[in-house]
Amino acid sequence: MTAVFPTYKRFELSVSQASGTMVEDVNGKTYLDFGSGIGVCSLGHRHPKVQEAIEEQLQKYWHVSNLYHIPIQEDVAQLLVDNCSGDYVFFCNSGAEANEAAIKLARKVTGKTKIITFRQSFHGRTFATMSATGQEKIQIGFGPMLETFEYVPFNDIEAVKHAIDDQTGAVMLEMVQGEGGIIPADATFVNELKKICNEKNILLIVDEIQTGIGRTGKAFAHQHYGINPDIITAAKGLGSGLPVGAMIAKKEFAEAFGPGSHGSTFGGNPVAMAAAKAVLNIVFKNEFLSEVEQKGEYLFKQLEEKISKLPFVEKIRGKGLMIGIVCKGDVSPMIPLLIQKGLLVLNAGPHVIRLLPPLTVTKSEIDKAVNLIQEVLADFK
Ligand SMILES: *Cc1c(COP(=O)(O)O)cnc(C)c1O
């Protein structure tokens, strides 16, 4: 019996405690967590520095309204803008809210109604972000969608050119499509896209909710591509387990989001900010990011060697510690088998096993996980 809406089909697992990459269930069985929630516990579970920061803030105050100054918000905003092309941050509580803010800002700034997004994208579950999402399964039964969005095939620059008209105000994309199947953007596509957006005065919005905060080995994934987006959104890994979202934009848009234009009662909650500040102070360091890059390469190489040649596996793809094992059939039977063996992983669409281990994962944890995946996948054809 449950009084919770059945919006999630849940696996047979109830967690009793967790620390680092390790999760323990109510029966005392332990698991390696290679999903980190869904890319949320970026520094693993209860990272000591993050826990300390949260506990310290709990002793001071938990909430004050955004009607007052909140210095810890200023600190987190500064850390974010020091590490990307943006100048101002709007804080909220989730990824969808960050994208909502981005969509509202883009409309207000440009005065135009149309935003181009991509097939297989995922931008959230609120009305605007569901409408932005180029996947029918997310939208079924909720129509009509907002008319603002036009979906084109990902990595297809001709399709973008074709879709642009004089009402196009922005293009919004993920640098590695997450929910859509761990599909990285092509460098040439992104380069062309940047050129067209510049030429036609179209805003570039990058949804870094899954790819940001060090996940791919850079502070933000768009930095692999040498672009300076007009608007960036972040959430998932930002609080390493506490709910927090951020919309980061260039200073010329400050006026469009002046007093009274947009808001959030809970946005920038001081306890969430304490977590985010501790996370960014750890993640936004060159040494830390290059370790993430190295560990990502190591994981990729191990998967290439031990898994890519299994009959059920098509290929491995991804960036940094965001990796997809693309399979030749439905991966849903494998996930419970991996759970039984003590490894938590995610899927990304029907055919892709998605790995989002904590950025603090160790090589020996990677070795263990790869061996368990090999054991399970070897039985499938
Ligand atoms: C998870 C995700 C979202 C939505 O975030 P929520 O916190 O669930 O609202 C949006 N965009 C991308 C790329 C995501 O991965």
Side-chain angles (χ1 to χ4, degrees), residues 5 7-8 35-42 90-106 115-135 137-139 142 146 149 151 154-155 170-185 190 204-216 218 220-222 224-225 229 231-248 264 266-269 272 275-276 279 318-324 345-349 352 354-357 359:
F5 255 115
T7 51
Y8 285 89
S36 311
I38 302 179
V40 166
C41 300
S42 51
F90 173 81
F91 287 114
C92 49
N93 312 287
S94 69
E97 284 176 62
N99 283 341
E100 281 281 335
I103 292 162
K104 283 180 70 175
L105 181 63
I115 298 178
I116 294 172
T117 61
F118 293 88
R119 300 204 183 281
Q120 305 302 121
S121 62
F122 183 78
H123 299 296
R125 300 283 196 164
T126 60
F127 227 96
T129 61
M130 166 179 69
S131 300
T133 294
Q135 298 191 55
K137 69 173 190 201
I138 305 286
Q139 303 173 341
F142 297 114
L146 290 183
F149 302 95
Y151 321 113
F154 194 48
N155 282 327
V171 174
M172 177 163 163
L173 78 164
E174 298 154 83
M175 289 290 109
V176 181
Q177 289 190 329
E179 305 300 313
I182 312 291
I183 307 165
V190 175
L204 193 57
I205 306 173
V206 178
D207 177 344
E208 293 260 15
I209 288 159
Q210 194 159 153
T211 53
I213 322 298
R215 173 55 56 190
T216 69
K218 301 253 187 234
F220 293 95
H222 68 264
H224 291 284
Y225 297 84
I231 302 176
I232 300 159
T233 53
K236 290 195 166 84
L238 179 54
S240 197
L242 263 68
V244 50
M247 188 276 295
I248 310 163
S264 167
F266 289 120
N269 169 273
V279 168
K319 252 191 173 48
L321 286 172
M322 180 172 184
I323 293 183
V345 300
L346 303 158
N347 70 309
V352 180
R354 170 172 41 161
L355 306 179
L356 300 171
L359 308 181

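Any value given below was found using the heavy atoms of this structure, including those in side chains, with hydrogens, waters and symmetry copies removed. Order of listing sets the numbers, starting from 1, for every ligand and every atom in it.
- Side-chain atoms of K236 and I213, non-hydrogen and from C-beta on, never get closer than 4.5 Å to each other.
- Any N or O atom pair closer than 3.5 Å counts here, and G124 shares no such pair with ligand 1.
- Not a single N or O atom of E97, backbone or side chain, sits closer than 3.5 Å to an N or O atom of ligand 1.
- Between F122 and I209 the shortest side-chain heavy-atom distance does not fall below 4.5 Å.
- Not one N or O of E174 is nearer than 3.5 Å to an N or O of ligand 1, by distance alone.
- In F127, the CZ atom is crowded: over 12 heavy atoms of neighbouring residues, nucleotides or ligands sit closer than 6.0 Å.
- Which parts of ligand 1 touch N99 is read off a 4.0 Å heavy-atom cut-off, strictly below it: atoms 10 (C), 11 (N).
- Numbered from 1 in the order shown, with element, the atoms of ligand 1 that lie under 4.0 Å from a heavy atom of D207 read 10 (C), 11 (N), 12 (C), 13 (C).
- Taking the side chain as every heavy atom from C-beta outward, L173 and V206 approach each other to under 4.5 Å.
- Side-chain contact between E174 and E179 is absent, with no heavy-atom pair separated by less than 4.5 Å.
- Across S121 and A132, no two heavy atoms sit closer than the pair OG-O, 3.8 Å.
- Residue, atom and distance of the protein heavy atom nearest to atom 5 (O) of ligand 1 are G95 CA, 3.3 Å.
- Contacts between A235 and ligand 1 below 4.0 angstrom, taking non-hydrogen atoms only, are absent altogether.
- Neither the backbone nor the side chain of T211 has a heavy atom within less than 4.0 Å of ligand 1.
- Put simply, the side chain of E208 reaches to within 4.5 Å of the side chain of H222, judged on heavy atoms.
- Residue contacts with ligand 1 for R125 are absent, since no atom lies close enough (heavy atoms, distance under 4.0 Å).
- In summary, the atoms of ligand 1 found under 4.0 Å from a heavy atom of S94, numbered by their order in the structure, are 7 (O), 9 (O).
- Remark: the H123 side chain and the T117 side chain contain no N/O donor-acceptor pair separated by less than 3.5 Å.
- Of the N or O atoms in F122, one or more lie within a sub-3.5 Å distance of an N or O in ligand 1.
- Using a 4.0 Å cut-off to heavy atoms of A96, the atoms of ligand 1 that qualify are 4 (C), 5 (O), 6 (P), 9 (O).
- Protein heavy atoms are absent from the space less than 4.0 angstrom from atom 8 (O) of ligand 1.
- At the shortest separation from atom 2 (C) of ligand 1 among protein heavy atoms lies K236 NZ, 2.5 Å.
- Between I38 and R354 there is a side-chain heavy-atom pair separated by less than 4.5 Å.
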